[in-house]
Asks: 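First the structure, then my questions, so here it is.
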Amino acid sequence: MMNMLEEAIVYATIMHQGKVRKFGGRPFILHPMEVAQILSTMTDDMEVITAGILHDVVEDTDGTLDEIQKRFGERVARLVDSESEDEFPGEDVSATWQRRKEGSLLLLRRSRDTGVKMLWLADKLANLRSLSQTYSEQGEAMWSGLHQGDPERQLWYYKSVAEALELSLNRTGAFKELVKHINFIWPGTFDSGKGRYKRYKEVSVDGCQLIGRGAKGEVYRYDEELVIKVFNQNNLYQDVERETSLARRAFILGVPTAISFGIVAVGERYGAMYELVDSETLSAQIAREPGEVDRYAKLLSDVAHQIHGIEVSEDDIFPEAYGRVVEYVRGGVAYEDEALASRCMRLVGSLPAANTLIHGDFHTNNVFMMKGEPLLIDMDRVSRGHPIVELADLYYFYVVLGQDDPSIVENFMGFSYETSKRLWDTFLRCYLATDDEARLAEVTDKASLLCQTRMIRKVRRSGTRSNEGRAIIDRCLARIDELTRRLETLEF
């Protein structure tokens, strides 16, 4: 009686019968056999190796996931599914290449299954072995034989795969060989150290107190002196490195920020360690003392003024915040109403070029209080731009997010929605140094416009098609329509 692997070899051979590889015309079955062999150098898990034999069945034959699940089990089917790209029936495969790759990369980055990552590594290594051989024989002429003939896009893809696999598999020979082939076809892509085993200090946050949560990850109290920010699964080493670089530069310019002194591995994720002795978030202090919210709002306003008082040059490392705002409009409103999106862009474009420093993720979960002094973390969105972008972020976090469900803000910030709205109101009065209701309403309207575009993008990206989601989008569109007809500029 055949075992699982032997049955998979027979099944895959039948399903791929008559098919050949693009380069060399070799029988296609040799590719999944090679993938399985590479996997065997990393693991003795028969389900993972079996998935290597079957990984192209769904994508390249009439085989289905249901059939694979019935024959080989749920886990093997799930592994195969991780290597099966989305289909776009009726569209040319070259035209859909970028969308297919972006979708599959997103799934890879989010996966916590080491078997998935091994399967990806083995498949891409087998492909790169073939590409390297062909490139050594044909040179640049090789690209014309591929569905995606742009070598820079191919580089983007294989480099993205390597970066996504580095933390989990950089100690394997297969990963080192992958880097070698990438550097052969695209010289200088990775430095020589990338292909060598690199051990990150491994820490665990099991049992540690969760003290903050944001879009990029969670922050834990590691011990009395240290906190650790654990980045989400889809954040690469380069993302963490970039954030720490931005933080160092902001600190030099006078921003009160905590500086990470080390990047660590936390399971399958990256972490950044900070020395924050006897500290807690401003959110925690407000939750404990909601009656003092006005005092904390004044402190937040002072920090905002300190940041916004810093001018940077276009040659500095900080990106423009303008790009993020445009992404909100193009990624949300434009899908619903192109004419309305154009009116939004007219107002966004009316903002004068500004080299003002802004934090970009400015809320009380990202402000730590240490010995009475505020220190900022989460510096990955530090940028240069008009302060209305920062004010819009605050209005979004403290008011707009809770309009339909106050618990969203309450769970995120740790204090009541009423306290949250009071924080925004007092902050704006302190920031603008006025109690003039007309002036406050004017700036709030300008911030609100950007918030509505961001909310539409958020709902669309969530993938929900519920009646509730549709109602939120329609309400935001109506508000944007009203504001774009009334406002002449977003400057204040």
Side-chain angles (χ1 to χ4, degrees), residues 212 214 219 227 229 243-260 274-277 279-286 292-322 324 351-398 413 420 422-435 439-440 443-444 446-447 450 491-492:
V219 180
V227 300
K229 177 181 177 181
E243 177 172 333
T244 56
S245 296
L246 288 170
R248 284 192 293 269
R249 180 60 183 148
F251 177 80
I252 291 170
L253 291 172
V255 176
T257 182
I259 303 298
S260 170
Y274 297 88
E275 185 176 14
L276 286 167
V277 179
S279 61
E280 64 178 348
T281 64
L282 191 55
S283 288
Q285 294 200 354
I286 295 172
E292 296 294 317
V293 65
D294 288 352
R295 177 166 63 88
Y296 291 123
K298 173 65 166 60
L299 184 149
L300 199 64
S301 168
D302 291 343
V303 175
H305 275 297
Q306 186 174 353
I307 298 170
H308 300 164
I310 298 171
E311 291 286 317
V312 296
S313 73
E314 294 182 4
D315 296 328
D316 218 318
I317 66 173
F318 305 107
E320 280 191 297
Y322 177 81
R324 177 160 62 91
L351 285 171
N355 287 326
T356 302
L357 196 68
I358 62 176
H359 182 269
D361 202 12
F362 192 57
H363 56 76
T364 50
N365 278 343
N366 285 336
V367 182
F368 274 78
M369 299 301 296
M370 187 171 73
K371 299 178 181 178
E373 296 296 323
L375 288 175
L376 288 160
I377 63 168
D378 267 18
M379 307 297 285
D380 64 295
R381 285 190 173 181
V382 177
S383 49
R384 50 189 173 86
H386 196 281
I388 189 62
V389 179
E390 193 98 277
L391 299 190
D393 286 341
L394 277 162
Y395 188 60
Y396 177 80
F397 287 127
Y398 294 111
M413 295 299 172
S420 178
R422 176 62 182 261
L423 178 70
W424 158 257
D425 182 70
T426 306
F427 167 87
L428 190 61
R429 292 172 188 275
C430 294
Y431 185 84
L432 297 177
T434 185
D435 286 320
R439 172 69 169 154
L440 294 167
V443 176
T444 298
K446 292 174 178 180
L450 299 181
E491 191 175 7
F492 65 90

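Quantities reported herein were computed from a predicted structural model and do not represent experimental measurements.
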Asks: For Ile317 and Ser245, which heavy atoms make the closest approach, and how far apart are they?
Replies: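 Looking at all heavy atoms of both residues, the shortest contact is CD1-O, 3.9 Å.
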
Asks: Can you give me the closest heavy-atom contact between Gly254 and Ile310, atom names plus distance?
Replies: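 Looking at all heavy atoms of both residues, the shortest contact is C-CD1, 4.1 Å.
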
Asks: Please report the closest heavy-atom contact between Ala247 and Ala258, naming both atoms and the distance.
Replies: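 Smallest heavy-atom distance, with atoms named: CB-O, 4.4 Å.
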
Asks: So do the side chains of Tyr431 and Leu394 get within less than 4.5 Å of each other, counting heavy atoms only?
Replies: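 Tyr431 does not reach Leu394 side chain to side chain.
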
Asks: Does the side chain of Val382 reach to within under 4.5 Å of the side chain of Leu376, using non-hydrogen atoms?
Replies: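 No; the side chains remain at least 4.5 Å from each other.
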
Asks: Check Asp425 with Arg429, please: is the shortest side-chain N to carboxylate O separation under 4.0 Å?
Replies: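 Yes, this pair counts.
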
Asks: Thr356 versus Glu390: any side-chain heavy-atom pair under 4.5 Å?
Replies: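 Thr356 does not reach Glu390 side chain to side chain.
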
Asks: Taking the six-membered ring for Trp, is the centroid-to-centroid distance between Tyr398 and His363 below 6.0 Å?
Replies: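 Ring-ring flag for Tyr398/His363: false, centres at least 6.0 Å apart.
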
Asks: Salt bridge or not between Arg384 and Asp316? Use side-chain N to carboxylate O under 4.0 Å.
Replies: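 Looking at Arg384 and Asp316, the cut-off is not met.
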
Asks: Output, in order, the C-alpha distance, side-chain angles, deciding distance and verdict of side-chain contact (heavy atoms from CB on, under 4.5 Å) for Arg324 and Asp393.
Replies: CA-CA 11 Å; Arg324 177 160 62 91; Asp393 286 341; 3.2 Å; yes

Asks: Could you grab the distance from atom CG of Leu246 to atom OG of Ser383, nearest 0.5 Å is fine?
Replies: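 Reported value, rounded in 0.5 Å steps: 9.0 Å.
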
Asks: NZ of Lys229 to CG of Asp380: how many Å apart, nearest 0.5 Å?
Replies: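 It is 5.0 Å, given to the nearest 0.5 Å.
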
Asks: Main chain of Leu351, side chain of Glu491: is a donor-acceptor contact present, judged purely on distance under 3.5 Å?
Replies: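 Side chain of Glu491 to backbone of Leu351: no pair is present.
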
Asks: Quick one, Leu357 with His308, criterion side-chain contact (heavy atoms from CB on, under 4.5 Å). Give me CA distance, side-chain angles, the key distance, then yes/no.
Replies: CA-CA 5 Å; Leu357 196 68; His308 300 164; over 6 Å; no

Asks: Look up atom CG in Leu432 and atom OG1 in Thr444, then write down how far apart they are to the nearest 0.5 Å.
Replies: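 If I round to the nearest 0.5 Å, the distance is 8.0 Å.
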
Asks: Could you pull out the closest heavy-atom pair between Arg381 and Gly360, with the gap in Å?
Replies: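 For Arg381 versus Gly360, the nearest heavy atoms are CD-O, 3.5 Å.
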
Asks: Kindly indicate whether the side chain of Leu300, heavy atoms from C-beta on, has any atom under 4.5 Å from the side chain of Phe362.
Replies: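 Yes, their side chains come closer than 4.5 Å.
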
Asks: Quick one, Thr434 and Leu440 - any side-chain contact, counting heavy atoms below 4.5 Å?
Replies: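 Yes, side chains in contact.
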
Asks: Let's go through Tyr322 and His386 carefully: what are the C-alpha distance in whole Å and the side-chain angles of both, what is the deciding distance for side-chain contact (heavy atoms from CB on, under 4.5 Å) to 0.1 Å, and is it a yes or a no?
Replies: CA-CA 8 Å; Tyr322 177 81; His386 196 281; over 6 Å; no

Asks: Distance check, rounded to the nearest 0.5 Å: Leu423 atom CG versus Leu428 atom CG?
Replies: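 It comes to 11.0 Å.
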
Asks: Inspect the surroundings of CZ in Arg422 and state if more than 12 heavy atoms from other residues, nucleotides or ligands are less than 6.0 Å away.
Replies: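 Counting other residues, nucleotides and ligands, CZ of Arg422 stays at 12 neighbours or fewer.
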
Asks: Give the minimum heavy-atom separation between Ser283 and Asn365, together with the two atoms involved.
Replies: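 Smallest interatomic distance, heavy atoms only, reads OG-OD1, 2.8 Å.
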
Asks: Considering only heavy atoms from C-beta outward, does the side chain of Ile259 approach that of Arg248 to under 4.5 Å?
Replies: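 Yes, their side chains come closer than 4.5 Å.
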
Asks: How about Val303 and His359: do any of their side-chain heavy atoms sit closer than 4.5 Å?
Replies: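 Heavy-atom side-chain distance check fails, nothing below 4.5 Å.
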
Asks: Show the numbers, then the answer: is there a side-chain contact (heavy atoms from CB on, under 4.5 Å) between Val219 and Tyr274?
Replies: CA-CA 10 Å; Val219 180; Tyr274 297 88; over 6 Å; no

Asks: If you measure from OH on Tyr296 to CD on Gln285, what distance do you get to the nearest 0.5 Å?
Replies: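 If I round to the nearest 0.5 Å, the distance is 4.0 Å.
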
Asks: Which heavy atom in Leu391 sits nearest to a heavy atom in Val443, and how many Å separate them?
Replies: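 Distance-wise, the nearest heavy atoms are CD1-CG1, 3.8 Å.
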
Asks: Report yes or no: does Asp378 contribute a side-chain atom to a donor-acceptor pair with the main-chain N or O of Asp361 at less than 3.5 Å?
Replies: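 No.
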
Asks: Would you compute the distance between atom CZ of Phe427 and atom CG of Asp294 and round it to the nearest 0.5 angstrom?
Replies: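 That separation rounds to 13.5 Å.
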
Asks: Do Pro256 and Glu373 have side chains that approach each other closer than 4.5 Å (heavy atoms only, starting at C-beta)?
Replies: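 A side-chain contact is absent here, since even the closest heavy-atom pair is not under 4.5 Å.
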
